[in-house]
Amino acid sequence: MRVCVVGSGGREHALAHVLARTAEVVVTPGNPAIPGSVATPPVEVDADLVVVGPEAPLVAGLADELRAAGRLVFGPGADGARLEGSKAWMKEVVAAAGVPTAGYAAFTEVEPALAFLRTLPGPWVVKTDGLAAGKGVLVAPTLAEAEADVAAKLAGESFGDAGRTVVIEEGMTGPELSLLAVCDGTRAVALAPAQDFKRIGDGDAGPNTGGMGAYSPVPGVDDALVADVMDRFVAPTLAELRRRGIDYRGVLYAGLMLTPDGPRLVEYNVRFGDPEAQVVLPRLTTDLAALLAAAAAGDLTQAPPPAFDDGARVTVVLATEGYPAGPRTGDPIAGLAGAEAEGATVFAAGVARDGAGRLVTAGGRVLAVTGSGPTVAAARDHAYRAAARISWPGLYHRNDIAREAASA
Ligand code: AMP
């Protein structure tokens, strides 16, 4: 099978890496460190299956365009991708589906938004309605910060039009869990659970980012919890989408919070997580290309259900100085071969070649270094040992990825 992966980040590198076990893979546009990268537009790539990686092209309707051109596509159309493209719409769908989630209201005007905010106990959660690369969410410890954020978002000062509707939510507390389900429009199968780290700083300090690290499996998350999330979250959501005439073929990624009252939905994403893909997909022992092709064809029963090895993976994201606000770019990357000599897998995201052909930093999140081992502790040591071989001026990473899980 020939598979075309659309995208250029660490998630797409991980997809290509694992798909290549059983398929011929091209990646568009990819990046200089992803093998098989081509500049050809997706619709012109000759492939048996197209896998769309990031949310922005899905929200913009790329899967619809490719299906209209006769391609077999893994990824929802623009209708289903609204789950991620509009947080207000997502909340409406999950409320109709009866999925447990935080109470909320959506606003386009400042005064009613502030009035609602003042009725809630803290922490206060203010989200931009549209896509904001994981950075449009403020969880504020004080009402004053939340009020200022509502005013700034509705004025279009932050996130432009994506922020002109805000969703205000009840604050929830508890550990987070990412559970990714592969859907064929009707059925869904779960992938191995993972946990990611969204904040920039150690101890979850500072602003949200696209994701600074992840690990899988998650200690304490058993098959019963996964089955419960599939039954009470994923299945009713797929059914509600179908009721609305939406044939959802792709990843439904449930971002959950394990609150004292049980699991609650924080958000849905409509694609593999980045960096969750870098720890979940390498653990797969079954054929990823066959699984995604079956889902894309609307019949998951055509492929063996996904199974995972008993080992652990931990990925540490190496970012540039200034991320997420204003990343510094253009610095030469040293030590990649050393990291690979440690046996780790390095997935490349924000990289480019400079005039001299050197690999240089070109974005906030540059590399994700995935270590493996029989336990989370061993995989964590492996990832950090390999990451220590890589350097550039201003390289930044968190030091506490999977630290708690490693001692669990
Ligand atoms: P989202 O983009 O909706 O996933 O939000 C990003 C992050 O903000 C989540 O992973 C949580 O850490 C946090 N967050 C979002 N919604 C809530 C909420 N209702 N209560 C507490 N934290 C939240």
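Everything numeric in this text was worked out from a predicted model, so none of it was measured. The basis for the numbers below is simple: all heavy atoms, side chains too, and nothing from hydrogens, waters or symmetry mates. Remember, it's 1-based here, ligands and their atoms both numbered in the order they're listed.
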With heavy atoms only and a cut-off of under 4.0 Å, state how T173 meets ligand 1: side chain, backbone, both or neither. neither
Below 4.0 angstrom, N of the basic side chain to O of the carboxylate: do R283 and D310 qualify? no
Does this structure show an ion pair linking K127 with D129, if we count only N-O contacts that are shorter than 4.0 Å?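 The answer is no: the pair does not qualify as a salt bridge.
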Give the atom numbers and elements of ligand 1 that come within less than 4.0 Å of a heavy atom of [X].
| X | value |
| --- | --- |
| G171 | 20 (N) |
| E176 | 9 (C), 10 (O), 11 (C), 12 (O) |
| K87 | 1 (P), 2 (O), 3 (O) |

What about the rings of F107 and F116, do their centers lie closer together than 6.0 Å?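 Here the rings of F116 and F107 have centres that are less than 6.0 Å from each other.
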Parallel, tilted or perpendicular, judged at 30° and 60°: which one describes the rings of F197 and Y215? tilted
Selected option - heavy-atom contact closest to atom 22 (N) of ligand 1, from K127, M90, M257, E170: M257
I want to confirm something. Looking only at heavy atoms, which of V137, V125, T259, T101 is nearest to atom 18 (C) of ligand 1? V125
For Q278 and A14, indicate whether the former's side chain and the latter's backbone hold a donor-acceptor pair under 3.5 Å. no
Should G255 be listed as contacting ligand 1, given a heavy-atom distance under 4.0 Å as the test? no
For R21, all residues meeting side chain to side chain donor-acceptor pair (under 3.5 Å), sequence neighbours excluded: none
